[in-house]
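Below: one structure, written as structure tokens.
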Number of protein chains: 2
Amino acid sequence: MNESVWLRPAKPERRPLTLAQIVGEAVALLDEEGADRLTMRRLAERLGTGSTTLYWHVKTKDDVLDLALDSIFGEVPPPAGGSWRERVAALVSGWRAALLRHPWSTGLLDRPMMGPNALSRTELLYATLAEAGFTGPDLPAAAFSLSTYVTGSATAQARDQAAAGPAVHAHLRERRDTYPTLAAHGLDHDWDATFTRGLEYLLDGMAARVTAPS
Amino acid sequence: MNESVWLRPAKPERRPLTLAQIVGEAVALLDEEGADRLTMRRLAERLGTGSTTLYWHVKTKDDVLDLALDSIFGEVPPPAGGSWRERVAALVSGWRAALLRHPWSTGLLDRPMMGPNALSRTELLYATLAEAGFTGPDLPAAAFSLSTYVTGSATAQARDQAAAGPAVHAHLRERRDTYPTLAAHGLDHDWDATFTRGLEYLLDGMAARVTAPS
DNA sequence: ACCTGAACACCGTTCAAGT
DNA sequence: ACCTGAACACCGTTCAAGT
């Protein structure tokens with residue numbers, strides 16, 4: 001004779017785990033605790049499963065990282081309008097903002113970025129530049145230098161802001177004899193202003209190529 | 001009664017392990033096998049010791065990585081002479097070459113670079129630009145955009161070259177409808193030429209700032 | 001189709017102990 | 001001062017087994 005339903009422990013709520021849930025939770029975990037705390041076991045725990053369950057949805061941990069990285073590229077808004085320069089600047093700034101919102105992402109930029117969100121933003125950049133008149137080797141060069149500038153600068157900023165502190169200042173001040181220029185000007189700059197100014201150098205140099213007669 | 005010296009196994013050659021040896025062997029290991037194969041145990045094995053021995057010379061594995069990264073900055077030659085533009089271009093190209101010679105290094109650029117070799121090259125960059133006439137916010141902006149361009153482009157190149165292959169081409173060709181510009185122009189470019197052209201954009205834009213009357 | 005548990009082959013790091 | 005071995009608390013991943 002079986003016990004009544006009410007006395008049996010309710011079956012543990014069988015909503016099936018999805019890949020989107022895994023990626024979403026991975027991003028949350030990375031945001032809250034950082035990259036070195038992302039563990040298959042810890043991630044699974046947050047999702048209420050065992051770690052080995054994840055391997056049905058995902059081949060390796062690297063898959064999780066790649067998916068998490070691509071998902072944050074999804075936050076980059078497509079530029080609204082304006083001149084090609086304005087559209088490029090908007091795209092690139094949104095790109096940078098997304099990376100800086102998730103500082104762990106800059107530590108993953110050494111792995112292939114073939115996800116749909118990354119590719120669609122890259123396509124947008126290429127298309128905008130092609131429309132602006134960049135042709136031949138100038139097109140990949142312009143696209144490459146811009147995307148490189150964004151990822152490089154975000155990496156540098158995330159890195160230096162994480163390390164920032166009195167220890168760093170002291171270290172450089174003590175060595176101001178060997179690094180005089182750096183000690184005098186290398187600290188305490190406005191990250192946004194510096195980024196924007198550097199971007200202007202780049203865009204100025206690029207603009208001369210499209211507008212100038214070859 | 002003791003056996004003669006000759007019959008006893010020779011004491012295992014007690015040359016003390018140095019930090020320089022550890023770093024050198026770490027770089028060799030990274031060059032030969034890549035970053036994910038660098039293990040304290042494997043590194044120790046190559047040095048003929050136990051893994052725990054390393055912890056007398058080094059606090060953590062991250063120390064080894066930081067030291068290895070800084071050591072390759074030591075390969076960057078100081079620029080010989082010429083105009084500030086030529087000196088900057090030489091410094092930056094040497095920097096890039098060192099990173100590309102050790103592709104694993106681009107995966108470590110998200111960690112603080114406070115080592116003597118990194119700092120001395122950064123100082124060199126700042127000093128050259130200051131001498132060239134960059135002042136106020138233009139000095140950190142110029143230095144930042146250049147170093148950012150180098151590290152970003154090397155990261156992108158190391159990443160894409162490692163991933164390069166027919167699979168990537170096929171993936172993009174299959175999706176040429178959604179990424180038309182990218183599929184048409186994003187593959188098979190000359191890395192060196194692209195880098196140099198992008199650097200010219202940047203230097204052109206920068207040069208306008210120093211030479212032009214404000 | 002999806003989830004679980006046990007198990008394997010590793011890790012980085014600590015620490016008491018040796019010379 | 002420098003090195004060793006055993007041990008701890010983890011890892012990513014596989015796989016047979018369950019539903």
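Residue numbers start from 1 in every chain, and the chains themselves are labelled A, B, ... in the order their sequence lines are given, proteins ahead of strands.
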remark   = When rounded to whole Å, the CG to P distance for the pair B:Leu17 and C:dT19 reads 20 Å
ask   = Does A:Asp70 reach the main-chain N or O of A:Asn117 with its side chain, forming a donor-acceptor pair under 3.5 Å?
value = yes
task = Strictly below 4.0 Å, heavy-atom distances to any atom of DNA chain D: list the hits from residues 52-59 of chain B, or just say none.
result = B:Thr52, B:Thr53, B:Trp56, B:His57
task = Run the salt-bridge test on A:Glu131 and A:Arg87 with the 4.0 Å N-O cut-off and return the result as yes or no.
result = yes
ask   = In the strands shown, is C:dA9 matched to any nucleotide by a Watson-Crick or G-U wobble pair with both distances under 3.5 Å, and which?
value = none
task = Provide, to the nearest angstrom, the distance between the NZ atom belonging to A:Lys61 and the P atom belonging to C:dC11.
result = 15 Å
task = Take atom CG of B:Asp62 and atom C1' of C:dC11, then tell me their distance rounded to the nearest Å.
result = 14 Å
task = Taking only the side-chain nitrogens and oxygens of B:Arg42, find out if one of them lies under 4.0 Å from OP1 or OP2 of C:dC10.
result = no
query = So, A:Arg46 and A:Glu32, do they make that salt bridge, N to O below 4.0 Å?
reply = yes
query = Within the pair A:Arg41 and D:dT13, is there a side-chain N or O less than 4.0 Å away from OP1 or OP2?
reply = no
remark   = Here the distance between atom P of C:dC11 and atom CE of A:Met40, to the nearest Å, is 19 Å
remark   = note: B:Leu38, atom CG; C:dG12, atom C1'; distance rounded to Å ~ 12 Å
key: Paired nucleotide for C:dT4 [Watson-Crick or G-U wobble; both distances under 3.5 Å]   = D:dA16
request  = Verify the ring-centre separation between A:Trp95 and A:Tyr149: is it less than 6.0 angstrom?
outcome  = no
query = Roughly how many Å is it from CD in A:Glu45 to C1' in D:dC11, rounded to a whole number?
reply = 15 Å
inquiry  = Measure CG/A:Leu65 against C1'/D:dG12 and give the value in whole Å, please.
reply    = 12 Å
ask   = Are A:Arg96 and A:Asp192 ion-paired here, with the side-chain N under 4.0 Å from a carboxylate O?
value = yes
task = Evaluate the ring planes of B:Phe144 and A:His189, with Trp represented by its six-membered ring, and classify them as parallel (under 30°), tilted (30 to 60°) or perpendicular (over 60°).
result = tilted
inquiry  = Distance check, rounded to the nearest 0.5 Å: B:Leu109 atom CG versus B:Leu69 atom CG?
reply    = 6.0 Å
task = Examine C:dC11: is either OP1 or OP2 under 4.0 Å from a nitrogen or oxygen in the side chain of B:Thr39? Give yes or no.
result = yes
query = For A:Gln21 and C:dC3, what is the distance between atoms CD and C1' respectively, to the nearest whole Å?
reply = 14 Å
